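Just so it is clear: chains get the letters A, B, ... in the order the sequence lines come, proteins before strands, and each one is counted from 1. These numbers come from a predicted model, not from an experiment.
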Amino acid sequence: MKHIIYLLVGVFFGIVMLKSEAASWFRIYEMFQFNAFHMYGIIGSALGLGIIFTQWVKRKKPKSVFGENIIIADKERSFVRYAAGGTLFGLGWALAGACPGPMYTLIGAGFLPILVVIFGALLGTFVYGLLKKQLPH
Amino acid sequence: MEYILQPWPWYVSGPLIALTMAILVLLGKRFGMSSNLRTICSIAGAGKSAAFFRFDWRAQRWNLIVAFGAAIGGYLAHTYMTADTAVAISADTVTKLNALGFKSAGQAYMPTEFFANTAFSSPKTLLILLFGGFLVGFGARYAGGCTSGHAISGLSNLQIPSLIAVIGFFAGGLMMVHFIFPLIF
């Protein structure tokens, strides 16, 4: 039963990613050219409502649907990993034109070369795992 | 019905992304898509090479199911819910992309130069896609999250680390588009 709920959440998310055009390489390029408000509107409105929702959860402490406590963890404090990792991610986001959520969506939409991007992303994740101890965090 | 077949405007899409996060949080989970990449590495046996991949991936199965659902959603939306797949990017953007050699700008969902099946026979394109993906995967794990984990979830939780990461996302994206694109295209 739980699995079906997660599947439906994913289907919903995939539809939103495709229909919002946030999964389009062109929209990402346009965003980094500051040529349209579209992507800023998407991220901004998602964030505005996200802040209200998250702060509500933190104050009211509702139980989850399954009756567990909801834990919204703080991110570990640091600078280097976020600045360096974030910049590398941004370089890839603009080049491949897809962040991880849309990658899965684009397989379904039939843009098969995205499989090469996903393979690259898995390779990047694997190499990070190998180098983790050597990298400044 | 007509509204569904058109591209969804930002003021519909953004709130629906927030709703996705809200549903996952109320299910006791998190909205973060790049964690799946680590999980897939673990399933493929990467734990033999690095401690980073030795964790109980079965506890992360729910997120793989969400990702699988996202693929189904992409199929449904692309096949049944879209009248015209062309993305109406601004005239300025089309001009800039045409100058870089992207003739499909304004006429397709994804640049055919990269995402039509002919990409498989172009070594340069394959290398670009592979390297772009590599940076996304490496950067997301180094930064501890991607667009969903930092820009939406983390910033919603007013986390300074997520703000640093998101500034990094934009710094990297701007560098790529403004300084590196003119060199490689």
Please state whether the side chain, the backbone, both or neither of [X] comes within less than 4.5 Å of a heavy atom of chain A.
X	answer
L26(B)	both
F114(B)	both
L76(B)	side chain
L163(B)	neither
I4(B)	backbone
F115(B)	both
A116(B)	backbone
L100(B)	side chain
T125(B)	neither

If you compare all heavy atoms of I114(A) against all heavy atoms of M103(A), which two are closest, and at what distance to 0.1 Å?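 The pair with the smallest heavy-atom distance is CG1-O, 3.9 Å.
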
Mind listing the closest non-hydrogen atom pair of P100(A) and S34(B) along with its distance?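 Heavy atoms only, the tightest pair is CG-CB, 3.7 Å.
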
Scan side-chain atoms only and decide if R30(B) and S153(B) contain a donor-acceptor pair under the 3.5 Å cut-off. no

Side chain to side chain contact (heavy atoms under 4.5 Å, CB included) evaluation trace for F31(B) with I17(B): CA-CA 10 Å; F31(B) 180 46; I17(B) 292 171; 4.1 Å; yes

Residue pairs fulfilling salt bridge (Lys or Arg N to Asp or Glu O under 4.0 Å) with at least one residue in residues 25-49 of chain A, sequence neighbours excluded: E21(A)-R27(A), R27(A)-E30(A)

Using a 6.0 Å distance limit plus a 45 degree cone around the ring axis, check whether R38(B) lies over the aromatic ring of F55(B). yes

